[in-house]
Amino acid sequence: MSILVGRDTRLLVQGITGREGAFHAQQMQAYGTNIVAGVTPGKGGQTALDGSVPVFDSCWRAIQETQADTSVIYVPAAGAPDAILEAVGAGIRTIFCITEHIPALDMLRVMPVVEAAGARLIGPNCPGATSPGRAKVGIIPGSIHREGNVGLVSRSGTLTYEVVLALTEAGIGQSTCVGIGGDPVIGSTFIDILELFRDDPETEALVLMGEIGGNAEESAARWKAEHLRDTPMVAFIAGRTAPPGRRMGHAGAIISGGSGSAADKIAALEGAGIRVADAPSEIPRLLMEAGVRPA
Amino acid sequence: MSILVGRDTRLLVQGITGREGAFHAQQMQAYGTNIVAGVTPGKGGQTALDGSVPVFDSCWRAIQETQADTSVIYVPAAGAPDAILEAVGAGIRTIFCITEHIPALDMLRVMPVVEAAGARLIGPNCPGATSPGRAKVGIIPGSIHREGNVGLVSRSGTLTYEVVLALTEAGIGQSTCVGIGGDPVIGSTFIDILELFRDDPETEALVLMGEIGGNAEESAARWKAEHLRDTPMVAFIAGRTAPPGRRMGHAGAIISGGSGSAADKIAALEGAGIRVADAPSEIPRLLMEAGVRPA
Amino acid sequence: MKIQEADAKSLLAAQGLPVPPWAVARTASDARASAERFFASGADKVVIKAQVLVGGRGKAGGVKLASDAAEAEQVATAILGMDISGITVRKVLVAPAADIVREVYLACVLDRGARRVLFMGAAQGGVEIEALAAEDEEAITYIHAHPHLGLLDYQARLLSFELGLEAHLKEAVAIAKGLYATMIANDADLVEVNPLAIVRERGADGSSVELLQCLDAKVTLDDSALHRHPGLEELRDLDEEDPVDIEARQQGISFIRLEGDIGCMVNGAGLAMATMDLVKRAGGQPANFLDIGGGARADKVAAAMRLILADPSVRAILVNIFGGIARGDEVARGLVEARAQQSRSVPMVVRIVGTNAELAAEIMSASGGIELATSLDDAVERAVAASRREPAST
Amino acid sequence: MKIQEADAKSLLAAQGLPVPPWAVARTASDARASAERFFASGADKVVIKAQVLVGGRGKAGGVKLASDAAEAEQVATAILGMDISGITVRKVLVAPAADIVREVYLACVLDRGARRVLFMGAAQGGVEIEALAAEDEEAITYIHAHPHLGLLDYQARLLSFELGLEAHLKEAVAIAKGLYATMIANDADLVEVNPLAIVRERGADGSSVELLQCLDAKVTLDDSALHRHPGLEELRDLDEEDPVDIEARQQGISFIRLEGDIGCMVNGAGLAMATMDLVKRAGGQPANFLDIGGGARADKVAAAMRLILADPSVRAILVNIFGGIARGDEVARGLVEARAQQSRSVPMVVRIVGTNAELAAEIMSASGGIELATSLDDAVERAVAASRREPAST
């Protein structure tokens with residue numbers, strides 16, 4: 001098994017005819033993801049991916065015709081909040097928003113609608129999720145994965161790839177790798193994803209990739225201590241050397257008002273019995289010390 | 001037992017220092033209702049009802065100090081939507097809004113907040129509810145009641161009193177009498193109240209007072225046929241002789257676009273096995289024919 | 001409150017919606033002058049439409065085309081003064097006739113059951129939505145706006161696609177959102193554009209362009225919200241209102257004149273309807289619906305009495321007051337006073353129950369000329385009987 | 001984006017909030033002229049405040065009173081050019097000094113965890129909220145605005161009562177709602193008024209009146225939303241920005257200069273932070289944070305190289321690119337090109353992995369002068385070693 005995306009996923013790609021959407025749709029399909037529909041308003045009736053995927057004017061029509069159950073959004077920031085609302089309104093319950101630079105107040109308005117519908121949003125400004133050997137949704141390079149039983153959740157993009165590659169090279173496969181995004185306001189938190197991993201029988205160990213800013217890592221540490229006491233878990237926090245008050249790329253990555261520092265996060269994680277790696281390359285070793293067996 | 005209001009009710013009166021609020025607070029207290037607090041912003045620290053009830057600036061403070069669990073609103077229309085939101089925000093879960101002439105779009109904005117909090121709003125533009133011998137909340141004259149086992153729910157004000165008096169004079173007591181209000185957008189429907197009566201062991205028969213406009217009576221009839229098959233129920237529909245297209249006083253009482261007529265409603269009620277009275281004075285007889293015994 | 005088409009169009013235009021130009025005329029010569037202006041600015045024909053607040057004006061002959069100014073005057077002459085469902089036409093709207101490619105229907109309305117604003121759209125316009133719904137329910141697209149965020153962009157697009165307006169997507173989205181904006185800005189219950197039309201116009205370079213226009217507009221306003229839109233109260237069409245309706249409104253009395261001869265004065269809308277129903281059931285004919293409202297003060301009672309007696313058909317008056325907020329003695333005093341000022345003698349049956357009912361009975365007995373009833377049924381019976389008696393000579 | 005106090009005050013005033021008059025001066029004589037105007041219109045004293053985007057200006061001596069124009073000029077002279085936390089003061093704000101009765105704190109901020117706008121209020125103003133929170137958590141009232149309806153009336157009242165502003169309820173409610181309006185109108189992350197003060201003013205008749213005024217204002221804006229507020233981009237204070245920061249922004253590169261000597265070029269913010277951390281762990285000192293962003297094109301790579309080399313302290317460059325969206329060969333080509341244009345010779349260690357990594361390695365090997373690393377750890381070690389080597393003579 002896996003979480004969020006898998007062999008049963010029927011994927012809808014919003015913005016499939018755009019440059020980003022078209023490129024990644026091709027990559028996802030090549031990986032084996034079952035893309036059943038695309039949506040670009042005004043291009044209904046066309047096809048994408050060499051005629052293999054029908055394009056619709058609206059999510060509503062796309063779902064009526066294809067029973068898509070998961071959506072991924074490559075729509076530019078100005079239209080992305082509406083694209084999320086459209087997916088929710090059409091009945092999609094798992095939505096990945098890859099788009100970056102969505103204003104935070106737009107997300108504040110969108111989230112209550114997502115929640116009221118009982119839908120799950122991952123992102124925005126996230127790399128998506130890959131269940132190796134099953135499906136990938138988003139932009140994580142498919143080639144770096146290996147099938148296995150380690151679940152990974154991360155606030156970063158390329159740093160996630162770095163760790164996935166390190167795991168794969170060490171012979172440690174992954175059940176699902178999830179990037180939740182680096183924005184201040186995101187749809188799914190570490191805890192939301194950890195809950196899914198808890199309920200996945202194939203996930204036997206966890207990796208959490210955090211960074212400075214906010215207190216999501218601290219909350220996740222408390223939750224893990226309470227609900228996942230027996231699952232081995234290793235973490236990494238990026239930004240140990242970041243100066244306070246400066247935004248480190250991600251809008252969410254800023255140490256402000258004496259909170260959000262790497263030191264606080266590491267202390268919270270270690271306090272919850274989670275080993276914190278000094279470098280991404282250390283993570284495989286720490287997992288093995290915690291009992292994970294490479295293939 | 002009874003529904004909505006009873007001996008345990010700890011009532012907060014919003015607008016207690018206004019003309020209407022002060023008069024009805026006195027009436028309610030005289031009936032035996034446990035009024036624990038009043039709210040009028042800017043008059044915190046004063047008292048009402050001859051010093052027996054403290055007045056607070058906010059619902060939040062009132063609840064902190066008095067553990068009020070039910071609220072009744074006598075605030076003018078311009079401030080009433082905010083008063084509802086304040087009660088909800090402070091944690092009150094049963095709110096009666098007596099105020100009339102609240103714009104419908106204001107209620108559209110308020111209702112999702114009420115629902116999201118899991119609160120119950122009765123009204124606006126409603127006379128409130130009385131559980132005879134226990135408590136009255138709102139403006140229904142206390143003297144017309146008699147304790148008993150008939151539950152009454154109505155869209156009207158004085159028409160409700162008419163029927164209550166007829167029941168009382170015929171020796172038929174009431175468990176609770178609830179006026180849900182005659183506006184197009186109201187917080188609790190017939191069905192919401194019927195559900196409460198269903199779960200009240202003391203309520204053995206029901207009276208539903210409907211009127212033209214909308215289709216709340218039709219929905220209630222279907223619900224009753226499905227969920228309250230064995231409970232005797234009598235109904236009355238006001239407006240049999242009303243001409244279409246004219247608003248009969250209540251903003252909600254209008255026959256439009258071929259729907260909302262008394263004939264349709266009566267047919268739906270009778271189809272659900274509910275006896276429909278031709279006159280309010282007939283209701284006691286129909287109840288007795290259905291097995292209700294007068295005291 | 002219903003408002004005239006021309007006023008509804010102003011409200012739409014104020015929200016930036018595309019409404020072709022129009023003029024309102026009260027006389028045929030004004031209509032001709034307006035038509036001349038439209039012909040001068042390039043119109044091939046003009047349309048002249050009766051301005052009345054009732055439906056069915058098209059079928060009644062209240063909408064006509066004219067090809068030149070003389071014909072416009074002739075048509076306006078025919079329409080002005082026409083009777084449509086009992087309303088005399090006092091104004092016409094004059095507008096250039098559009099070159100219509102296709103008509104669709106678009107409206108938003110308060111959906112009380114769902115507690116949402118409901119958009120309704122149909123690819124077929126120009127017909128009544130109720131008729132269309134009865135014929136083919138599938139022909140109508142229904143979408144609920146979000147209660148806080150309004151009509152979302154994707155919902156507006158969805159409507160546009162379902163209406164077959166994909167070639168005009170941006171315009172159609174803006175119009176749908178504009179309908180919502182009109183609703184919110186004015187506290188409307190209903191904003192209907194029927195037809196919303198694709199019309200052909202000549203571009204600056206002589207080529208033909210197609211664009212969307214709101215050719216008709218219907219807006220009804222929430223009476224409870226009028227006070228916060230002072231400008232909208234002015235749109236009330238006093239021409240179509242009875243003077244008694246105006247007085248009733250000013251007094252805060254709900255009053256609707258009917259065909260019968262028994263004047264009713266009741267407190268509470270539900271009880272007022274039930275009282276009417278009982279009159280009819282007892283073989284009488286109610287002359288009106290009248291809800292005097294809460295806390296009926298003496299002056300309000302007197303005003304209600306004037307409203308009832310303004311109807312010469314009234315042969316008996318039935319007063320039914322259930323005192324709760326209203327105090328019976330005050331109502332009684334008002335009745336006695338009104339009775340004293342009454343210009344013609346009409347039998348009056350009064351039933352007052354509730355707060356201070358005994359005091360009320362004393363006051364009325366002392367005054368005389370008022371028949372007291374013991375119950376609602378008794379009051380109704382007495383009033384029906386009274387309405388059949390020969391009027392006493394004054 | 002941070003903006004200066006004077007600009008923040010303009011944004012508040014634009015929402016109708018009560019902000020006393022102010023002027024901005026870049027020279028002491030301008031400050032004197034402004035002070036003279038305020039004295040002429042009745043001020044007893046003026047306050048002169050350094051305009052810098054860092055905190056703690058009060059403690060640093062950047063806020064001073066003056067009792068006459070000469071003193072104002074003297075104070076302005078002292079403040080202008082002053083260094084506050086590494087920033088040179090280039091502007092001062094001049095305003096009439098208020099007669100303060102009491103100061104409170106009021107702010108709204110984006111609460112990321114709750115996904116709501118959070119209002120914070122304290123009856124004690126003029127101090128830093130973090131300090132106050134650390135001292136007495138109970139002293140602060142927290143209220144979340146509704147995500148769609150904003151700060152509700154009752155919430156604004158509640159804040160006002162908790163802040164002890166019951167004597168100014170209407171004003172306080174309007175100000176709290178105005179803070180929210182300022183946030184929404186400008187897509188702000190933070191709108192802070194500290195102090196919000198009850199000030200005493202002379203009324204027209206000479207009597208003294210008390211009213212609420214926003215005496216200081218701090219607003220930060222959401223960079224992701226700046227594009228939809230074209231006017232706000234102009235508020236960016238280029239005086240306080242490094243020229244390299246300006247270039248970085250124009251290129252869409254996230255760049256922060258640090259103290260060290262190893263220039264870093266990385267794609268992705270998380271990986272860029274991790275790379276810095278690893279450099280420090282290996283005993284080196286990163287000279288910067290640099291996230292080149294997604295799909296790093298050759299020209300962007302060249303620009304990043306210019307940004308890094310503009311720092312004379314840089315003694316080695318570490319490039320770490322994990323190709324996903326970014327194609328390794330394009331990055332390599334950009335690096336080779338930039339290397340060719342480089343004015344001074346700095347050792348460069350490159351690690352490229354992912355899409356087209358082999359092709360990238362070929363391109364860089366062919367060019368020469370670039371040290372290729374096999375892993376991130378390897379790259380970091382090599383870069384730290386290179387930073388310690390004596391520079392080669394050019």
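Numbers restart at 1 for each chain; the letters A, B, ... are given by sequence-line order, proteins then strands. Here the structure is a predicted model, which is why all the values come from computation and not from measurement.
D:K49 NZ: more than 12 foreign heavy atoms inside a 6.0 Å radius. Other residues, nucleotides and ligands place no more than 12 heavy atoms under 6.0 Å from the CD atom of D:E128. With a 6.0 Å radius and a threshold of 12 heavy atoms from other residues, nucleotides or ligands, D:R228 has its CZ atom above the threshold.
Only the side chain of D:L149 comes within less than 4.5 Å of a heavy atom of chain B; its backbone N, CA, C and O stay farther away.
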Distance-only donor-acceptor pairs under 3.5 Å across chain D and chain B:
from, atom 1, to, atom 2, distance (Å)
D:D153, N, B:D82, OD1, 3.4
D:Y154, N, B:D82, OD1, 3.0
D:Y154, N, B:D82, OD2, 3.3
D:R157, NH1, B:D82, OD2, 3.0
D:R157, NH2, B:D82, OD2, 3.2
D:R157, NH2, B:E86, OE1, 2.8
D:E162, OE1, B:R61, NH2, 3.2
D:E162, OE2, B:R61, NE, 3.4
D:E162, OE2, B:R61, NH2, 3.1

